[in-house]
2 protein chains.
Amino acid sequence: MAVHSHPRQNLAELTARLRQRDRRITGPRQLILDVLRREEHPLTARQIHDLLDCDLATVYRSLRLLEEMAMVKRFDFGDGTARFELLGQNDDGHHHHLVCRECSTVVEIGECFSGNFENRIARQHGFANVSHRLEFFGLCPECQAA
Amino acid sequence: MAVHSHPRQNLAELTARLRQRDRRITGPRQLILDVLRREEHPLTARQIHDLLDCDLATVYRSLRLLEEMAMVKRFDFGDGTARFELLGQNDDGHHHHLVCRECSTVVEIGECFSGNFENRIARQHGFANVSHRLEFFGLCPECQAA
DNA sequence: ATCTATTTGCAAATGATTTGCAATAAGGGG
DNA sequence: CCCCTTATTGCAAATCATTTGCAAATAGAT
């Protein structure tokens, strides 16, 4: 479901969004977006770092910034390590994953349950601005065979 | 939605389940169940530790054991800290939470989307044994006022 | 080319959770 | 009730992901 846009597009978007915040377009930031653009599945900070050549702390700092700018989305598979995916320009990145409990293979799930459910829950409890986080776990075909 | 059973019942269950595994009924294990029984919301290992008087490592070890024995369920609100809830005897503990992004107030959500959704996803991708993790986040009434 | 604020790299700090190991306690047998 | 074997605890140190302090490097405007 991830929208893998063109490098140019990415760079232009990065430039535009950074400019508005007095932030700079640096090598590491471009490299991280490049790496994420190539990957179809979410990557951990360490995986990104291993594919690059810049400090791990810089990867974390950049990812945080890119997340704040809504260019990257953070996912949590409950294993204590955050994963990051690139967001396209008009993509809010809302989707879910189906993760294999054995081999960690990830499948992206486009559909989601109806917004009514979320709205009802918000209303019932008086909460505002409700969002959700949903991930699926199971055994992938290969791991079932093994 | 947590079923808060009687102390006796808990102890009996604990005893029975531990016996079958050659494990012992120790003070810390009983204390942890006692603490969890009193709380209606999930607690972190540290919170449990602060209410008790035993080593934090023991709390972690006990929680892991109790989780394996399906007497306790682990939840992940995506803040890097696991929370634990007591499970009742016939309770599989499947439910969700609505967590305030500001003050971390937790509301338990009993209902869940239909199993069809989960089944369809499993079938579509050839996965077996599919489960899911779903949590809601929003602003609670108090924090909206503030 | 210059200047200034933002970033980076590196090392050290943090916070949650785990682990090694010797001392301690639980449960069965006598 | 004492003993013995084995599971468990406490404590300290180790791990792991992530963050932070700070001086050196660099992007972007002048």
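Proteins come first, then strands; the chains are lettered A, B, ... in the order of their sequence lines, and each starts at number 1.
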**Student:** Using whole Å, what does the distance between atom C1' of nucleotide dT17(C) and atom CD of E67(B) come to?
**Tutor:**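 Rounded to the whole Å, the gap is 13 Å.
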**Student:** Side chains of C143(B) and R101(B): closer than 4.5 Å at any heavy-atom pair?
**Tutor:**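 No, their side chains stay 4.5 Å or more apart.
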**Student:** Starting at atom CD1 of I32(B), determine the distance to atom P of dT8(D), rounded to an integer number of angstrom.
**Tutor:**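 In whole Å, dT8(D) P and I32(B) CD1 are 13 Å from each other.
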**Student:** Could you tell me the separation between the CZ atom of F84(B) and the C1' atom of dA16(C), rounded to a whole number of Å?
**Tutor:**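 Taking atom C1' of dA16(C) as the reference, CZ of F84(B) is at 11 Å.
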**Student:** Walk along nucleotides 19-30 of chain D from 5' to 3' and tag each nucleotide B, S or - by protein heavy-atom contact under 4.0 Å, base first, then sugar-phosphate.
**Tutor:** BBB-----BS--
**Student:** Check the distance between dA7(D)'s C1' and R17(B)'s CZ and give it to me in whole angstrom.
**Tutor:**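 Interatomic distance, CZ of R17(B) to C1' of dA7(D): 20 Å.
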**Student:** Within this structure, what is the CG-to-C1' distance between D79(B) and dT14(C), rounded to whole angstrom?
**Tutor:**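 It is 15 Å, rounded to the nearest whole Å.
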**Student:** Please work out which residues in residues 43-52 of chain A have a non-hydrogen atom less than 4.0 Å from an atom of DNA chain D and list them by number.
**Tutor:**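 Residues of residues 43-52 of chain A under 4.0 Å from DNA chain D: R46(A).
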**Student:** Could you pull out all residues at least two apart from F137(A) that satisfy ring-ring contact (aromatic ring centres under 6.0 Å, His included)?
**Tutor:**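 So F137(A) forms no ring-ring contact (aromatic ring centres under 6.0 Å, His included) with any residue.
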**Student:** So with a 6.0 Å cut-off around CZ of R120(A), is the heavy-atom count from everything else above 12?
**Tutor:**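 Check passes, neighbour count above 12.
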**Student:** Taking only the side-chain heavy atoms of T58(B) (C-beta and beyond), determine which of dT8(D), dA16(C), dG10(D) contains the nearest atom.
**Tutor:**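 Looking only at side-chain atoms, T58(B) lies closest to dG10(D).
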**Student:** Report the distance from atom CD of E68(B) to atom P of dT8(D), rounded to the nearest whole Å.
**Tutor:**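 Roughly 11 Å, once rounded to whole Å.
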